[in-house]
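Input: a single structure, listed below in C-alpha cells.
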Amino acid sequence: MARPLLIVVAAALIDADGRVMVQQRPEGKSMAGLWEFAGGKVEVGELPEAALVRELREELGIETEASCLAPAAFASEALGDKHLLLLLYVLRKWSGVPSALHASALKWVRPVELHALDMPPADRPLIGLLEALI
C-alpha cells in the first residue's frame, strides 16, 4: 500500500572550526529531547531549497541564500502512516547568530560526536557522510 510522501529538508550548519550545529527537539513535540539538524517540512508547491531558507529563518533566526545550500545526502524511511524523505544540505555561509527559537537547545559538535547523541532514526545514517565531508 502506498504511503503519502513527507518531504523534509535539513541543514548541517558547519562553522569555521569544522563543527556541526544540532538542535534539541522541544517538549510536547514528537521525538522530544532528540538532537536533529535544523529544518522542516516542504510545503505544497515549495521548492526544497526555498523551504530550507524559510525554516532556517523561522527556527534559528538566520538568513542564507538557496545558492549557499550544498546538497549532501538523503534518507528514506517509513514514519507512521507516511514515508519520510529527508534531504540534507551542508551550509557554511549565513548571516546572523543561530538562536534556539523553536528548539530546547543548540550545540556545536564535531561530526564524530554525533554518534553519541540521541538522534531521530532518519538522521543517523547521515553522520558518516558528514564525517567524510568535514
Side-chain angles (χ1 to χ4, degrees):
M1 176 159 103
R3 296 179 176 181
L5 188 61
L6 174 63
I7 302 174
V8 173
V9 288
L13 276 72
I14 301 172
D15 70 6
D17 293 328
R19 297 176 304 167
V20 179
M21 194 211 74
V22 288
Q23 63 182 11
Q24 191 173 37
R25 292 186 62 82
E27 291 302 318
K29 286 214 167 191
S30 68
M31 297 189 253
L34 297 185
W35 292 92
E36 66 180 0
F37 304 109
K41 296 175 187 154
V42 176
E43 302 295 336
V44 175
E46 194 174 35
L47 295 174
E49 295 81 5
L52 189 50
V53 168
R54 174 185 52 76
E55 287 285 350
L56 294 173
R57 183 181 309 117
E58 292 172 3
E59 288 190 0
L60 302 176
I62 63 172
E63 296 292 333
T64 192
E65 301 291 327
S67 61
C68 296
L69 299 169
F74 73 92
S76 178
E77 165 173 319
L79 185 67
D81 61 345
K82 297 182 179 145
H83 191 87
L84 171 70
L85 181 62
L86 173 63
L87 307 175
L88 181 70
Y89 294 79
V90 168
L91 178 63
R92 295 178 185 268
K93 184 178 176 187
W94 64 86
S95 60
V97 177
S99 301
L101 302 178
H102 293 281
S104 299
L106 301 179
K107 71 167 132 181
W108 294 90
V109 298
R110 300 263 172 233
V112 70
E113 295 173 294
L114 291 169
H115 293 286
L117 297 178
D118 285 332
M119 298 183 81
D123 289 30
R124 297 206 66 77
L126 306 173
I127 296 171
L129 171 89
L130 289 174
E131 286 180 295
L133 281 176
I134 299 172

Check side-chain hydrogen bond (donor to acceptor under 3.5 Å, both in side chains) between [X] and all other residues, then give those that pass, not counting sequence neighbours.
X	answer
E49	Y89
E65	none
S99	none
E63	R57

Any idea which heavy atoms bring [X] and [Y] closest together, and the distance?
X	Y	value
E46	A51	OE1-CB, 3.3 Å
Q24	G33	NE2-O, 3.1 Å
I134	G18	CG2-O, 3.4 Å
P48	V42	CA-CG2, 4.2 Å

Separation between [atom1] of [X] and [atom2] of [Y], rounded to the nearest 0.5 Å:
X	Y	atom1	atom2	result
W108	M21	CH2	CE	6.0 Å
L117	R124	CG	CZ	8.0 Å
L52	L88	CG	CG	9.0 Å
L86	L6	CG	CG	9.5 Å
I7	K41	CD1	NZ	12.5 Å
L130	I14	CG	CD1	6.0 Å

- Note on the structure: Only one of T64, L106, L91 passes side chain to side chain contact (heavy atoms under 4.5 Å, CB included) with L13, and that residue is L91
- Is the number of heavy atoms from other residues, nucleotides or ligands under 6.0 Å of D118 CG greater than 12? no
- Item | Co-membership, hydrophobic cluster, residues L133 and F37, 4.5 Å side-chain | yes
- Side-chain heavy atoms under 4.5 angstrom apart, residues restricted to Ile, Leu, Val, Met, Phe, Trp, Tyr: same cluster for L60 and V20? no
Under the 3.5 angstrom rule, does the side chain of [X] hit a backbone N or O of [Y] as a donor-acceptor pair?
X	Y	result
Q23	E36	no
E55	A10	no
D17	R19	no

- Query: When you look at L101 and E58, which way does the side chain to side chain contact (heavy atoms under 4.5 Å, CB included) test go after all the steps?
  - Reply: CA-CA 7 Å; L101 302 178; E58 292 172 3; over 6 Å; no
- side-chain contact (heavy atoms from CB on, under 4.5 Å) with P121: which residues, sequence neighbours excluded?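 P121: side-chain contact (heavy atoms from CB on, under 4.5 Å) contacts with M31, E77.
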- Any side-chain heavy atom of P26 sitting closer than 4.5 Å to one from H102? no
- Task: Share the residues that join V97 in a hydrophobic cluster, the rule being Ile, Leu, Val, Met, Phe, Trp or Tyr side chains under 4.5 Å apart at the heavy-atom level.
- Result: none
